[in-house]
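Let me begin by presenting the structure, written as structure tokens, before commenting on it.
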Amino acid sequence: MRILITGGAGYIGSHTLLEILGEKHDVCVIDNYSNSSPVALERVAKLTNSNFVKVAADVCDERALNNVFEDFKPEAVIHFAGLKAVGESAAVPLKYYEHNVQGTIALLKAMEASGCDRIVFSSSATVYGEPVYLPYDEDHPCAPTNPYGRTKYFVEEILKDWAHSNDRNSVVLLRYFNPVGAHSSGRIGEDPDDIPNNLMPFVSQVAVGRRSKLQVFGNDYDTPDGTGLRDYIHVVDLARAHVAAVDYVAKNRGVDAFNIGTGKGATVLEVVKAFEAASGREIPYSFGPRRAGDIAASIADPAKARKMLNWQAKHSLKDMCESSWEWQSGNPNGYRSD
Ligand code: UFG
């Protein structure tokens with residue numbers, strides 16, 4: 001198939017691009033490099049020994065999108081492009097609505113104009129909000145607690161309406177839990193622009209000496225050791241979920257949401273311990289107050305994805321930490337190490 005990947009140079013985008021190219025699909029990537037690097041694309045091209053089309057443009061740029069659809073004629077789209085910092089989204093919500101919601105509408109208009117009717121959307125477990133029960137299944141009520149989460153939720157609703165607007169459209173919503181880790185080559189990985197917001201990149205930057213210590217946000221949660229518990233998923237497993245989802249939109253019509261997680265949780269301190277074992281480095285940490293908006297625990301019920309996408313996570317927390325370390329130690333300054 002000819003597949004357009006928006007945001008294909010980003011962390012999850014680049015890992016997915018690599019897996020999709022491995023399946024011999026033809027690919028066009030559109031990325032504005034706002035929180036990503038063109039070096040990631042060069043490295044994927046080398047690793048897979050394949051060519052693909054690259055367009056440096058914003059997904060909100062309707063003219064650029066129309067050109068891509070006219071030239072490349074995608075048969076399916078995997079839509080990653082968007083902003084993703086929870087804290088920032090509360091400070092500048094309009095920017096988030098513009099990029100995430102308006103960007104998706106522009107994309108859908110370009111798809112309609114060219115007759116492309118299949119899309120896989122990069123959603124998030126954050127759409128569920130405070131758990132009413134755990135593990136979350138796809139029928140859990142959605143009540144996101146921050147503007148970023150609401151952009152994901154609103155885009156899901158828009159995509160549902162679009163899916164129902166005719167009987168050819170096909171939509172898969174992938175609700176990611178906590179993606180971490182890196183490709184086994186150590187050549188691509190997570191490379192945040194600024195101070196990392198997320199646990200794993202922060203821990204790996206402490207291990208490599210870029211930061212002095214980790215602050216653990218809260219140790220009084222109702223979890224086995226009092227620290228926050230999450231369902232961490234290896235980014236290569238997550239990338240493989242997109243391969244399965246592309247296959248699914250090609251064969252099915254309508255709209256489906258799937259949790260993409262392992263079904264197992266790890267606390268912050270368990271992650272720290274696993275990372276110390278993987279890296280052979282000590283991770284100094286201290287306990288600080290809870291981070292605003294955090295929940296105690298988040299775990300996926302991934303049964304629906306296993307049954308309907310024939311997809312299941314394979315990698316352990318040890319694999320996640322070892323591959324993160326391989327990437328971080330080989331590229332201490334991320335893609336700027338080049
Ligand atoms: N944490 C720390 N110190 C840090 C960073 C994180 O203790 O420096 C803790 C958090 O409090 C939490 C856990 O580590 O308990 C995981 O935090 P992350 O920021 O890595 O991940 P979140 O679960 O908060 O959020 C992530 C993504 C969101 C996404 C959500 C989906 O960042 O974009 O998962 O559930 F929406």
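Just follow the structure's listing: the first ligand is 1, and inside any ligand the first atom is 1.
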Note to self: Looking at Lys273, I want to see if its NZ is surrounded by more than 12 non-hydrogen atoms of other residues, nucleotides or ligands under 6.0 Å.
What the structure shows: no
Item checked: Region of Gln215 that comes within reach of ligand 1 [heavy atoms, distance under 4.0 Å] -> backbone
Item checked: Any donor-acceptor N or O pair under 3.5 Å, side chains Trp162, Glu112 -> yes
Next item on the list: Using distance alone, decide if ligand 1 has a nitrogen or oxygen within less than 3.5 Å of any nitrogen or oxygen in Arg291.
Entry: yes
Item checked: Asn51 atom CG: more than 12 heavy-atom contacts under 6.0 Å -> no
Checklist line | Per-atom contacts, ligand 1 versus Ala125 - under 4.0 Å to a heavy atom | finding: 35 (O)
Notebook entry, point to check: Do other residues, nucleotides or ligands put more than 12 heavy atoms under 6.0 Å from Tyr285 OH?
Noted result: no
Note to self: Tell me whether ligand 1 is touched by Tyr232 - counting only heavy atoms on the residue side and a distance under 4.0 Å.
What the structure shows: yes
Margin query: Please state which option from Tyr285, Tyr128, Tyr221, Phe217 has its nearest heavy atom closest to atom 2 (C) of ligand 1.
Written below: Phe217
Next item on the list: Identify, for atom 32 (O) of ligand 1, the protein heavy atom at the shortest distance, and state residue, atom and that distance.
Entry: Asn198 ND2, 2.6 Å
Item checked: Ligand-residue contact atoms, ligand 1 with Val216, heavy atoms, under 4.0 Å -> 7 (O)
Next item on the list: Report, in ascending order of atom number, the atoms of ligand 1 lying under 4.0 Å from any heavy atom of Leu214.
Entry: 3 (N), 4 (C), 8 (O)
Margin query: Do the side chains of Arg336 and Asp191 get close enough for a salt bridge, i.e. N-O under 4.0 angstrom?
Written below: yes
Check: Nearest to atom 12 (C) of ligand 1, what protein heavy atom do you find, and at what distance?
Finding: Arg230 NH2, 3.7 Å
Check: Do His15 and Phe80 have ring centres separated by under 6.0 Å?
Finding: no
Note to self: Quick check: closest heavy atoms across Arg118 and Met1, and the distance to 0.1 Å?
What the structure shows: NH1-SD, 3.8 Å
Item checked: Polar contact flag for Ser298 and ligand 1 (N/O pairs, less than 3.5 Å) -> no
Notebook entry, point to check: In terms of side-chain heavy atoms, does His234 have a donor or acceptor partner in Ser323 at a distance below 3.5 Å?
Noted result: yes
Next item on the list: Compute whether any side-chain donor of one residue and acceptor of the other, for Tyr133 and Asp137, lie under 3.5 angstrom apart.
Entry: yes
Notebook entry, point to check: Does even one non-hydrogen atom of Tyr148 get within less than 4.0 Å of ligand 1?
Noted result: yes
Item checked: Top protein contact for atom 15 (O) of ligand 1, by heavy-atom distance -> Gly228 CA, 3.4 Å
Item checked: Numbered atoms of ligand 1 (with element) below 4.0 Å of Thr126, judged on heavy atoms -> 31 (C), 35 (O), 36 (F)
Check: Between Asp220, Asn219, Val268, which is the residue that forms a side-chain contact (heavy atoms from CB on, under 4.5 Å) with Phe287?
Finding: Asn219
Next item on the list: Among all protein heavy atoms, pick the one closest to atom 21 (O) of ligand 1 and tell me residue, atom and distance.
Entry: Asn178 ND2, 3.0 Å
Notebook entry, point to check: Quick check: does Leu199 get an N/O under 3.5 Å from an N/O on ligand 1?
Noted result: yes
Next item on the list: Classify the contact between Asn197 and ligand 1 as side chain, backbone, both or neither, using a heavy-atom distance cut-off of under 4.0 Å.
Entry: backbone
Checklist line | Any side-chain heavy-atom pair of Lys264 and Tyr232 under 4.5 Å | finding: no
Next item on the list: Write out the residue and atom name of the closest protein heavy atom to atom 10 (C) of ligand 1, then the distance separating them to 0.1 Å.
Entry: Asp294 OD2, 3.4 Å
Margin query: To check your reading of the model: name the closest protein heavy atom to atom 30 (C) of ligand 1, its residue, and the distance in Å.
Written below: Ser124 OG, 4.1 Å
Note to self: Against the six-membered ring of Phe258, is Lys304 placed for a cation-pi contact (under 6.0 Å from the centre, within 45° of the normal)?
What the structure shows: yes
Next item on the list: Quick one: look up the protein heavy atom nearest atom 9 (C) of ligand 1 and list residue, atom name and how far away it is.
Entry: Val268 CG2, 3.6 Å
